[in-house]
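Written out below as structure tokens is the structure these notes cover.
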Number of protein chains: 4
Amino acid sequence: MKKNKPKYNQIIEAAVEVIAENGYHASQVSKIAKKAGVADGTIYLYFKNKEDILVSVFKEKMGQFIERIAESINQKQNADEKLLTLIQMHFSQLTGDHHLAIVTQLELRQSNSELRLKINDILKPYLSVIDDIIREGTKENVFRDELNIPLVRQMIFGTLDETVTNWVMKEQKYDLLEMAPEVHRLLTHGLSDK
Amino acid sequence: MKKNKPKYNQIIEAAVEVIAENGYHASQVSKIAKKAGVADGTIYLYFKNKEDILVSVFKEKMGQFIERIAESINQKQNADEKLLTLIQMHFSQLTGDHHLAIVTQLELRQSNSELRLKINDILKPYLSVIDDIIREGTKENVFRDELNIPLVRQMIFGTLDETVTNWVMKEQKYDLLEMAPEVHRLLTHGLSDK
Amino acid sequence: MKKNKPKYNQIIEAAVEVIAENGYHASQVSKIAKKAGVADGTIYLYFKNKEDILVSVFKEKMGQFIERIAESINQKQNADEKLLTLIQMHFSQLTGDHHLAIVTQLELRQSNSELRLKINDILKPYLSVIDDIIREGTKENVFRDELNIPLVRQMIFGTLDETVTNWVMKEQKYDLLEMAPEVHRLLTHGLSDK
Amino acid sequence: MKKNKPKYNQIIEAAVEVIAENGYHASQVSKIAKKAGVADGTIYLYFKNKEDILVSVFKEKMGQFIERIAESINQKQNADEKLLTLIQMHFSQLTGDHHLAIVTQLELRQSNSELRLKINDILKPYLSVIDDIIREGTKENVFRDELNIPLVRQMIFGTLDETVTNWVMKEQKYDLLEMAPEVHRLLTHGLSDK
DNA sequence: GATGAATGAGATTTCATTCAT
DNA sequence: TATGAATGAAATCTCATTCAT
């Protein structure tokens with residue numbers, strides 16, 4: 001977060017609101033400017049172009065998102081607890097910010113492939129956090145040895161992402177957070193009865 | 001697939017190619033018409049509007065996709081084999097049609113919410129197939145009893161979808177199909193070393 | 001009216017209906033063909049192009065319109081009675097055919113200048129009838145001597161036309177025909193109290 | 001006329017010229033913009049859509065038209081002189097602005113019913129001016145007592161309108177203004193010799 | 001730094017007309 | 001004669017971005 005740039009933050013916050021309320025494609029620069037209380041032209045003093053606003057929104061919000069998750073995880077002692085914490089934090093943060101949930105799960109996906117590549121880059125630190133947990137779990141002999149880390153990470157992230165998206169599309173009508181333990185058990189023990 | 005409507009199918013096939021090659025937003029109706037070898041106006045004899053082309057593309061292709069998966073599954077005896085077959089068929093079909101893989105994993109997601117709702121409807125039969133497998137596995141005592149079916153379905157679909165998307169974004173440089181057994185094992189047994 | 005060309009007349013009648021019901025600009029050739037019960041292409045066996053349909057509609061309908069007025073007038077003995085008759089016939093014929101009234105007063109005026117020139121040509125016989133009455137009235141010393149015939153004709157036609165148009169735009173809610181004597185008196189004696 | 005909106009007026013004037021020169025249907029927004037010396041998009045900063053340009057043209061021009069007639073009439077002492085003045089002003093203003101004459105008599109009539117309703121609304125003040133003269137003439141015992149005001153108004157307006165339209169269609173080859181006294185005499189005394 | 005008026009490229013869709021059958 | 005599937009030209013309006021003030 002650029003500090004002491006009040007306009008910068010005003011615009012970021014305005015963008016999240018405008019996108020959540022109007023949808024990605026109906027979020028004109030002029031609408032964001034109006035909501036932020038600045039002139040259209042002012043946007044271009046702080047952002048290179050429209051895409052840069054969107055990337056920055058994601059960067060700022062994801063930055064906080066990941067930072068908080070990382071903090072929480074550091075206080076946990078083993079991989080299993082860390083994984084549960086990650087799931088809980090992932091769910092709780094999106095539960096706590098409805099606008100952000102809509103923007104990340106639905107609206108920002110409507111961007112073109114080029115923009116999505118940039119968004120993927122921003123996600124990388126989060127994916128690293130997941131990878132670290134997997135590696136740690138393996139070292140602790142809590143998780144299996146021969147795990148294919150990228151694949152496991154895709155299962156974890158894919159499951160969380162799909163779960164949140166379904167919850168957003170169902171208009172957030174149920175409690176996402178209380179599903180965390182079950183998701184955790186599914187990821188660690190799978191479907192099998194054994 | 002509507003039979004004996006050669007123009008209809010020409011346009012569907014052209015749309016997949018054009019979208020895969022140019023991206024969703026650069027896929028003008030005139031480009032699709034040209035690739036299909038028909039006049040722009042002809043498109044509108046077969047489709048209500050541009051969105052209708054896209055929905056139809058997804059409907060036709062997903063229809064085949066799901067049908068083939070369902071057929072393969074029916075030949076398997078138990079839930080575990082069925083799940084593996086579903087994963088293999090999911091991966092092999094997208095491996096076999098690069099254009100379709102790009103369109104479903106990347107391009108069609110750029111559509112607006114209204115169109116995505118229609119796309120979700122089309123996906124429902126696939127999700128039902130997954131649900132059936134879960135229920136069957138539970139009945140056979142291969143899967144656990146207390147499984148939350150929607151959640152398990154979200155894990156399975158989310159994992160497959162994320163895995164395929166990563167593969168497409170890595171430009172399909174590795175063999176997706178050979179990952180099926182590992183994905184299957186992850187889904188059934190989880191990360192745990194037990 | 002071309003005789004023994006049933007399709008020709010079907011198309012003319014369909015055109016009047018379609019235009020009255022949908023308005024000039026929403027009257028596509030395909031709609032007229034459908035209402036007439038023929039294929040689109042068949043239209044072009046009987047009419048050169050769309051404009052030709054419209055000109056023909058006006059020609060056929062106006063032909064009858066003028067013919068009937070001329071017949072009625074011939075049975076009258078003097079210019080004053082003839083003028084009254086013309087007014088009555090003008091009003092009664094349009095009162096008796098709502099579709100035609102809408103088409104001539106509102107819809108056909110939306111045509112471009114070129115088409116309106118052709119429509120004006122078709123109106124000429126009607127204007128001649130008016131001119132004849134004026135000349136006869138002058139000869140009979142019922143009307144003034146020094147009358148500028150084109151100007152008088154414009155007053156008569158302009159008054160009738162404006163009166164009918166107002167009636168159509170008021171959705172034909174009052175009795176147009178009963179206004180004929182008053183219109184006649186206004187045209188012959190003017191506003192003056194003398 | 002909105003003051004201090006130079007672009008607004010430029011566009012209005014350009015629209016009159018373009019419509020007069022090219023006809024209603026061949027008057028693309030881009031042509032009007034070019035003639036006005038602005039970009040296409042600028043049109044939409046001042047007008048809601050194309051129809052709004054046309055309504056505004058008529059509103060601005062008719063506003064002036066009626067205002068000038070009303071001013072001139074106010075300086076006259078009796079209904080008879082007022083009627084003559086109205087006719088003279090009607091003719092002289094259209095004589096003085098050939099483009100406007102073409103636009104009001106020919107081109108604007110090609111608009112669809114919805115637009116014509118708006119145009120009719122704009123005409124209402126003019127029709128009120130006529131009504132006032134009729135009422136005043138009746139009060140002064142210059143005009144007859146029992147006059148049906150709407151009908152008389154339709155005669156007056158219909159006569160003027162038809163006269164001007166004929167003059168425009170004859171390419172304005174004769175002097176319209178010098179016909180005013182004769183039109184006035186026809187309207188007040190009619191055809192009758194008496 | 002801040003403004004906001006002006007720019008202008010770009011795409012969907014309609015519908016009169018044709019022509020092979 | 002009759003059909004109707006196919007054609008393809010053509011125009012409104014939006015909105016990201018600029019730049020003079």
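So that the names make sense, note that chain A is the first sequence line, chain B the second, and so on, each numbered from 1. On a predicted model such as this, the values are computed, not experimentally measured, just so you know.
Taking atom CZ of A:Phe47 as the reference point, atom P of F:dA16 lies 15 Å away to the nearest angstrom. Here E:dG1 presents its P atom at 14 Å from CD of A:Gln10, a figure rounded to the nearest Å. Rounded to whole angstrom, the span from the OH atom of A:Tyr44 across to the P atom of F:dC19 amounts to 13 Å. One can place CD1 of D:Ile43 at 16 Å from P of E:dA9, the figure rounded to the nearest angstrom. Atom pair B:Asp52:CG and E:dT13:P shows a separation of 10 Å (rounding to whole Å applied). In this structure, C:Lys31 atom NZ and E:dA16 atom P are separated by 10 Å, rounded to whole Å. The interatomic distance linking D:Tyr8 (OH) with E:dA5 (P) rounds to 17 Å, in whole Å. Per the geometry, OH belonging to B:Tyr24 stands 13 Å off C1' belonging to E:dA11, to the nearest Å.
Both C:Lys7 and D:Gln28 lie near DNA chain F, and the one whose nearest nucleotide falls closer to the 5' end is C:Lys7. The 5' end of DNA chain F is approached more closely, in terms of each residue's nearest nucleotide, by D:Ser30 than by the other of D:Thr42 and D:Ser30. Where D:Gly41 and B:Asn49 meet DNA chain E, the nucleotide closest to each residue was compared, and D:Gly41 sits on the side nearer the 5' end. The nearest heavy atom of DNA chain E to D:Asp40 and to A:Gly37 marks one nucleotide each, and the one closer to the 5' end goes with A:Gly37.
For the side chain to side chain contact (heavy atoms under 4.5 Å, CB included) criterion with B:Val103, the lone passing option out of B:Val168, B:Ile19, B:Asp97 is B:Ile19.
A perpendicular orientation is assigned to the rings of C:Phe65 and C:Tyr126, their planes being inclined by more than 60° (bins at 30° and 60°).
A donor-acceptor pair under 3.5 Å is formed between the side chain of A:Arg109 and the backbone N or O of A:Thr104. A side-chain donor-acceptor contact under 3.5 Å links D:Glu107 to the backbone of D:Tyr24.
Among the heavy atoms of the strands lying under 4.0 Å from A:Tyr46 are primed sugar atoms or P, OP1, OP2 only; no base atom is included.
Nucleotide F:dG8: paired with E:dC15 (Watson-Crick or G-U wobble, both distances less than 3.5 Å). In a base pair of the Watson-Crick type (N1 to N3 plus N6-O4 or O6-N4) or a G-U wobble (N1-O2 and O6-N3), with each distance short of 3.5 Å, E:dT3 is matched with F:dA20.
Listed candidates were F:dA6, F:dA16, F:dT1. Nearest to the side chain of C:Leu45 is F:dT1. Closest contact between the side chain of C:Lys50 and the listed nucleotides E:dT12, E:dA16, F:dA16 involves E:dA16.
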#### Entry: Derivation and outcome, salt bridge (Lys or Arg N to Asp or Glu O under 4.0 Å), residues A:Lys124 and A:Asp121
CA-CA 5 Å; A:Lys124 276 187 183 154; A:Asp121 271 348; 3.1 Å; yes
